[in-house]
Amino acid sequence: MTTTWAELVGTALLGTGRRGGTPEELLDAAALAVVRRRAGVRTATAGARPATAPHDPRPPLPEAARRRLSLLLADRSAGGGGGSRRGAAPNLAELLPQWLAEAVARGWSAPPELLPALLDAARARTDLRPDALALAGPRGLWLAELNADWRFALRAGAPGVVPDTGDPGAVRTLWEEGLFAERVALLGRLRARDPRRALELLRSGWAAERAEDRLMFLDSLREGLSPQDEPFLEQALTDRSRNVRATAAELLSALPGSALAARMAARARTCVAWDPTVGRIGVEAPYECDAAMERDGVVAIPPAGRGERAWWFGQVVDAAPLVTWRERFGGRTPEEVIALPVADDWQADLHAAWCRAAVRQGDAAWARALLGPAPAPATAVSPVGDPAKLLSILPAPERAEWVARFIAAHGLSEAFQMLAVCAVPWAGPLGAAVVDALDIARDAGSYPWSFSGVMGLAERCMDPAEADRAAPLAAVPAESADTSPGAGAYWAEAFQRLVGTLRLRATMLAELA
């Protein structure tokens, strides 16, 4: 029998019956060939031994939580988190972000043997990266330096990558030589600890930065925005990039005491005034968008289908400090100002601009007034502006209460975005309102698949203690002539998945505790 490796492989593929010999002879020859091949390999020069993995001072995960993480990561690798919403089993891929966030909040460290799978998960899903890298800790970063597939961790600004901001030399070196993501992370950490120093760093070499980088750096000033940022932002109003100018104007308008806010307030006062002769708010929109307005962030060209004057008017009003209107209308409260009639069909534009201003300035009083009480059941839903954005600046309990009343009155068809801004886990009344609305939709013969998004949100956001409330709905209902064929089984399956997911989340939290 031949002994060259290529011939042995050919014989194994074609079979000994065609090439001659017996299977035993083929295996013996292959064993000899393997020994010969291994013995003939020349030794290579040994590389430098990697540095020892750093110590992670955090306590290790409890054994039950370690097994749970292994299952969650294995399900992700096996593709268990696919897009299908059929089946009663919980979607483990959607539970991984919550598990990671809870583990990080409790201060656990990741098991060393699961670090590769954890880094692979963070590589595949950017939404997992902050918590996955925080859980991986210093050992995860050590591994990332040894594997090119995980180098993203070194560019993500994870703890331990950005140098101590108390070391001026290291900070300056990273700012001048680091990757873009590292520089953004450094700027963010400096903003949290020493805003003045962060601003000085940003000023140095600002003109030499690329336009897209200047935009990202400027956007990082949203966190901790204060009046001391105003001089720099005023300079950015003359930037050669239109997007940078627009972002600078937006940030300045979020500072009610800024010079830009004062200029916008002056313009807004010329556009909006109380007309005592007719008992209405009169509106006189700008007739032109001059250079000074453009410098302050007003975009001159409106989108398709929008009139120029209405477009300019909306931008001026939403950039003016909301306190302007209390002064303009004789000390009236936001509720009283909003209740005033507006002449010549300008009410929708004016109220929409006030909504944007309330969100930009984080003014809960104006947001509350613009939202008003949740519409009653007999009232048509005609929200002003974007209710979800207005809700986002209200305290979490008030937000949940408003959305619960809205759902109880109008169901879920227009509530998805509102639910998405509610604090997790949902308050008990909100979770009850969602379950009741789903039950009503099922009994009304609604298409079950049209509620799959809300059901998925409920699985992730409802309080696990609410599982017993939904459990009775997991039975397959009797189908009537008004329901779609198979809809009852689908609804039962969806409720079974909801109940199972809530109970699994409760178990996961107990394991991490």
Side-chain angles (χ1 to χ4, degrees), residues 184 187-188 190-192 194-204 206-207 209 211-272 285-286 288-302 311-328 350 352-367 385-386 389-390 392-393:
V184 170
L187 189 62
L190 273 176
R191 283 288 291 181
D194 189 348
R196 181 190 57 80
R197 190 169 164 216
L199 205 56
E200 290 175 355
L201 200 66
L202 193 55
R203 278 198 176 100
S204 64
W206 171 259
E209 302 285 359
E212 54 267 34
D213 292 353
R214 293 200 306 278
L215 181 62
M216 290 294 293
F217 290 143
L218 201 62
D219 200 61
S220 70
L221 298 184
R222 295 180 189 278
E223 190 70 28
L225 185 67
S226 71
Q228 73 177 16
D229 300 319
E230 183 179 356
F232 176 73
L233 293 173
E234 276 284 344
Q235 292 178 3
L237 289 176
T238 60
D239 194 273
R240 56 186 180 274
S241 166
R242 184 184 68 180
N243 290 334
V244 171
R245 294 195 303 270
T247 301
E250 180 187 349
L251 292 173
L252 283 168
S253 66
L255 294 171
S258 68
L260 180 139
R263 294 193 295 270
M264 286 300 197
R267 294 182 181 110
R269 281 192 290 268
T270 66
C271 296
V272 181
E288 65 173 342
C289 181
D290 57 32
M293 290 170 65
E294 289 196 63
R295 181 185 181 276
D296 284 346
V298 177
V299 178
I301 301 176
W311 174 244
W312 301 330
F313 170 76
Q315 293 178 81
V316 167
V317 173
D318 72 35
L322 288 165
V323 70
T324 303
W325 310 113
R326 185 177 183 87
E327 300 166 353
R328 190 65 165 161
L350 180 59
W354 281 339
C355 286
R356 295 192 297 272
V359 173
R360 182 181 297 184
Q361 297 169 36
D363 194 311
W366 270 86
D386 187 336
K389 290 183 178 179
L390 290 171
S392 69
I393 60 177

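Nothing here was measured: the structure is a model prediction, and the numbers come from that model.
- For the side chain to side chain contact (heavy atoms under 4.5 Å, CB included) test, residues two or more places apart in sequence or in another chain that qualify with R328 are R269, A273, W325.
- A heavy-atom distance below 4.5 Å is not found between the side chains of L390 and W366.
- For the atom pair CE (M216) and CG (L187), the distance works out to 10.5 Å, reported to the nearest 0.5 Å.
- When side chains are defined from C-beta on, D386 does not count as touching V359, because their heavy atoms never get closer than 4.5 Å.
- Closest of all the heavy-atom pairs between R360 and S253 is NH1-OG, 2.6 Å.
- In this structure F232 satisfies the ring pair (Phe, Tyr, Trp, His ring centres under 6.0 Å) test together with W206, sequence neighbours excluded.
- Checking side-chain atoms of R191 against main-chain N and O of G224 turns up a donor-acceptor pair under 3.5 Å.
- Distance check: S258 OG to L233 CG gives 9.0 Å after rounding to the nearest 0.5 Å.
- Heavy-atom minimum distance, A259 versus E230: N-OE2, 2.7 Å.
- Of all the heavy atoms in E294 and C289, the pair that sits closest is CG-SG, 3.7 Å.
- At distances below 3.5 Å, not a single donor-acceptor pair connects side-chain atoms of R356 with backbone N or O atoms of V317.
- Here the CE-SG distance, from M264 to C271, works out to 10.5 Å after rounding to the nearest 0.5 Å.
- Rounded to the nearest 0.5 angstrom, L221 CG and L251 CG are separated by 6.5 Å.
- Under the side chain to side chain contact (heavy atoms under 4.5 Å, CB included) criterion, L237 pairs with E234, A248, A249, L252, L260, R263, R295, D296, not counting sequence neighbours.
- Between A320 and A357 the shortest heavy-atom distance is O-CB, 4.4 Å.
- No hydrogens or angles considered: nothing links the side chains of R214 and S241 as a donor-acceptor pair under 3.5 Å.
- Remark: of the listed residues D219, L215, T238, L215 is the sole one forming a side-chain contact (heavy atoms from CB on, under 4.5 Å) with V244.
- By the side-chain hydrogen bond (donor to acceptor under 3.5 Å, both in side chains) test, E212 is found to be paired with R210, residues two or more places apart in sequence or in another chain being considered.
- Distance alone, capped at 3.5 Å, is enough to place a donor-acceptor pair between the W312 side chain and the A300 backbone.
- What you find for L225 and A254 is that their closest heavy atoms are CD2-CB, 4.1 Å.
- The side chain to side chain contact (heavy atoms under 4.5 Å, CB included) check on A292 picks up R267, D290, with sequence neighbours excluded.
- The distance from atom CD of Q361 to atom CG of L322, rounded to the nearest 0.5 Å, is 4.0 Å.
- In this structure, R203 and P231 have side chains that are in contact, with non-hydrogen atoms separated by less than 4.5 Å.
- Here salt bridge (charged side-chain N to carboxylate O under 4.0 Å, His left out) pairs that include residues 247-257, with residues two or more places apart or in two chains, are R222-E250.
- Using modelled atom types, one side-chain atom of Q315 and one backbone atom of V299 make a donor-acceptor pair closer than 3.5 Å.
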